[in-house]
Every structure is written in structure tokens, then in C-alpha cells.
Amino acid sequence: EVLAHVPAPRIILLQGSVPLVNMDPFAEFLIGMGYPADRIRNPRDGRYSESSFIDSEQLAGMVAWYYEKEGMRPVLIGHSQGGMLAIRVLYDLAGAFSDSIHVWNPLTDRPEARTTIVDPVTGDVRPVVGLRVRYAAAIATGKLPRLLLGQWSMLSRLSKIPDSVDDFTGFSLDWDLIAGHFGNSEPYTAIGTAEVRNITLPMSYTHVGLPRVEHLAANATTRAWIDAYVPGTKLAVPADPGVDTTNLIHAADIWYSVKKTWCLSARRRLDAAHLTR
């Protein structure tokens, strides 16, 4: 595949609050579909996913560091509380909680004594606040856990997506009691210019099991279905009783968005390199 030969943006996977399952299976799925493992692994210790209890300003500072060093805006994908953290990082980058954010170095796991980066595309010095993420996704994220965990600042913001992301997709389950959906889930909406999509997943999916998608890349039938998937089009789910299609919908949709982001990011980086020659 052509994308395998071009640079890929960093993907930061954010796990939920309950350690029954992390986002490692999702990383294995992405790698199985052809994504470079070194663009998912934490460069300090090699882990595939981050705790959702990490400070959001720290993560926002890490996003800026990756952008400066790797030349491509990172992707944020969070499950359950990890989805809340992804959205909070978007608010941090939008300046909702602070006028300045320190750059965070993931190699040393420490903040740097600066709140600006050199933009790798323009060469200009720019603050961390104001940086935009190209793509972010929240999987099964709800308000009830925010209330129970005392995360008051996110209660009114959780379903409203700021302009610090280009494309955002929210995945939800109706009657997801863990997320606090007692019926239909509240849709995500854009505050301004962000492109926001909402996808309600089949009732057969489970909140805790949503990150378990690694089997989909390993099976030829589901892999082909995922590669053919385009949002908004009708594509019959494989009906072969020997094929496990659990979690197929959000896996396919996220892979489509990841491929799109990969392509756009690589093109922007290569165009910038051409202009500086």
C-alpha cells in the first residue's frame, strides 16, 4: 500500500478508567492493518496506550512536542474516560483552562521550560495553546462517570467540540449504563468549525469490550470489509457464521479516518519540505 511508504502521524491511544481492558488491542488492530508500530508506542517505555488519569495539560504539551519533532499533528483516540481526556485536551489546546501550556517531553517524561514550539511546517515560533489536532475520536464516553469522579469542568463541555480539532467522531451505545446513557446518548456538536460526526453502535456491542478489535485485522474477510468501508455508504456486514464481526463498525470507521489523516498529514509534510528546498 502507498501509505506504507510515507510518514505517519503519532497516534495517542487513551484507555478507560477501569483496567479490565486497555487500548493495546486497538493498537494491535491498527498495526495489523498496516500502521507503523513506532508511531503508536510511547518512545520512553514502549507502551501502546496512555492512562486516562494523566494530566490533560501534560498530554497537550506532549501533543505539541510530537508535532514539533515529528512534523505531523498527532491523533487522539480515547475509550470511555479516555474519550473524556481526549476532549479535555482539545479544550486545553483551545485555551479554555489556561493561557499557556508547557511543552512536555515524552522521552524524559518532564515538562520543558517553554510554552512555545517551532512550527515544523512554517518555521515560526508559536504557542502550544492554539495548536489544532487533525483527528480525534471518543468511544463510549458519558457524563455520569464525570459526575461520579468529580470532573465538574467537563460536564457542560463533554458533548461540545471546540475548534482545536479538524475532524472528530463520537461513538456511543444506547442504554450504555456505564457511560450514563439511559436511552439515547447525547450527540456531539461542534462549537464552531470542527467537522463532527456521531455514530451509534449496535446494541450487541459492550462498553468494556469496545477496544477489543485486534481479531478484525487478522481475518481476511473482516479486513477486506474494513478496507472497503466508507462512512455514509451501505455495506452489508459479513454474515458468515465463522467470522467474528464484533466491534466491526467503529474499528472500520476509525481506520478510515486514520487513513485519511495519514494521507493528508503526509501530503502537508511533503509539500512543506518541497517549499523549503
Side-chain angles (χ1 to χ4, degrees), residues 8-16 23 26-27 29-30 35 39-40 48-52 54-67 70 72-97 101 104 128-143 146 151 153-154 157-172 179 185-199 201 210-211 213 231 249-265 268:
R10 173 73 48 179
I11 295 180
I12 301 175
L13 299 174
L14 303 167
Q15 59 201 42
M23 286 291 277
F26 213 100
F29 161 74
L30 294 172
Y35 209 80
R39 282 297 180 265
I40 303 175
Y48 279 140
S49 57
E50 300 284 346
S51 167
S52 58
I54 186 176
D55 181 78
S56 64
E57 277 200 15
Q58 173 182 334
L59 188 54
M62 198 183 302
V63 166
W65 189 94
Y66 281 129
Y67 175 53
E70 299 176 350
M72 310 176 92
R73 292 184 282 166
V75 166
L76 298 171
I77 302 173
H79 170 235
S80 195
Q81 178 163 282
M84 180 281 297
L85 180 59
I87 296 169
R88 185 178 173 95
V89 168
L90 298 181
Y91 273 99
D92 281 316
L93 294 173
F97 303 116
I101 295 173
W104 190 278
V128 173
V129 170
L131 184 65
R132 291 174 66 98
V133 171
R134 189 174 290 280
Y135 170 66
I139 307 169
T141 297
K143 288 187 175 180
R146 313 291 70 80
Q151 296 163 340
S153 63
M154 290 304 297
R157 294 182 169 97
L158 193 61
S159 61
K160 299 173 184 176
I161 305 305
D163 288 346
S164 50
V165 63
D166 294 343
D167 294 297
F168 176 90
T169 306
F171 300 90
S172 61
S185 58
E186 181 179 358
Y188 294 96
T189 58
I191 293 174
T193 60
E195 292 289 333
V196 175
R197 294 187 300 123
N198 291 275
I199 295 179
L201 300 173
L210 291 174
V213 295
I249 303 301
H250 60 285
D253 195 88
I254 290 175
W255 178 241
Y256 176 90
S257 293
V258 164
K259 286 192 298 182
K260 176 183 174 182
T261 301
W262 190 354
C263 181
L264 292 173
S265 299
R268 186 168 187 252

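This structure is a prediction, so every number in the text was calculated from the model and none was measured. In what follows, residues are counted from 1 in the order of the sequence shown.
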Excluding sequence neighbours, so at least two apart, what forms ring pair (Phe, Tyr, Trp, His ring centres under 6.0 Å) with F171? none

Which heavy atom of Y188 sits nearest to which heavy atom of V196, and what is that distance? O-CG1, 3.6 Å

Salt bridge (Lys or Arg N to Asp or Glu O under 4.0 Å) partners of residues 128-139, not counting sequence neighbours, each pair once: R132-D166, R134-D166

Search all heavy atoms of A64 against all heavy atoms of L131 and return the closest pair with its distance. CA-CD2, 3.7 Å

Begin with the C-alpha distance, continue with both residues' side-chain angles, and end with the deciding distance and a verdict on side-chain contact (heavy atoms from CB on, under 4.5 Å) for F26 and Y48. CA-CA 9 Å; F26 213 100; Y48 279 140; over 6 Å; no

State, to 0.1 Å, how close G16 and S80 come at their nearest heavy-atom pair, and which atoms those are. CA-CB, 4.1 Å

Specify the closest pair of heavy atoms between I40 and A27, including all atoms of both residues, with the distance to one decimal. CG2-CB, 3.9 Å

Applying side chain to side chain contact (heavy atoms under 4.5 Å, CB included) between L14 and each of I139, V89, L59, report the one that passes. L59

Could you work out, with salt bridge (Lys or Arg N to Asp or Glu O under 4.0 Å) as the rule, every residue matching E186, not counting sequence neighbours? K143

Atom pair CG (L93) and CD1 (I101), whose distance is rounded to the nearest 0.5 Å: 5.5 Å

Contact between F168 and S257 at the side-chain level, heavy atoms closer than 4.5 Å - yes or no? no

Approximate separation, where rounding is to 0.5 Å, of L13 CG and F29 CZ: 11.5 Å

With side chains defined as the heavy atoms from C-beta onward, is the minimum distance between H250 and T169 less than 4.5 Å? no

Sequence neighbours excluded, which residues qualify as salt bridge (Lys or Arg N to Asp or Glu O under 4.0 Å) partners of E57? none

Mind checking salt bridge (Lys or Arg N to Asp or Glu O under 4.0 Å) for D167 and listing every partner two or more places apart, or none if nothing turns up? none

Please report the interatomic distance CG(L30) to CD1(I11), rounded to the nearest 0.5 Å. 5.0 Å

Would you check, one step at a time, whether the test side-chain contact (heavy atoms from CB on, under 4.5 Å) holds for L210 with H79? CA-CA 8 Å; L210 291 174; H79 170 235; 4.2 Å; yes

Mind listing the closest non-hydrogen atom pair of A138 and G83 along with its distance? CB-CA, 3.8 Å

Contacts of type salt bridge (Lys or Arg N to Asp or Glu O under 4.0 Å), residue D55, not counting sequence neighbours: none

Pair M72, R39 - check side-chain contact (heavy atoms from CB on, under 4.5 Å), show working. CA-CA 11 Å; M72 310 176 92; R39 282 297 180 265; 5.8 Å; no

Nearest 0.5 Å, what's the CH2-OH distance between W262 and Y135? 15.0 Å

Quick one: do V133 and Y67 satisfy side-chain contact (heavy atoms from CB on, under 4.5 Å)? Show the steps, please. CA-CA 10 Å; V133 171; Y67 175 53; over 6 Å; no

Give, for atom OH of Y35 and atom NZ of K259, the distance between the pair rounded to the nearest 0.5 Å. 13.0 Å

Examine distances only and state if a side-chain atom of S52 and a backbone atom of Q15 form a donor-acceptor pair shorter than 3.5 Å. yes

With I12, the side chain to side chain contact (heavy atoms under 4.5 Å, CB included) member among L85, V63, V75: V63

With under 30° as parallel and over 60° as perpendicular, where do the rings of F97 and Y91 fit, or are they tilted in between? tilted

Gap separating the CD atom of E50 from the CE atom of M23, nearest 0.5 angstrom: 12.0 Å

In terms of heavy-atom contacts, A194 and D163 come closest through N-OD1, 3.7 Å

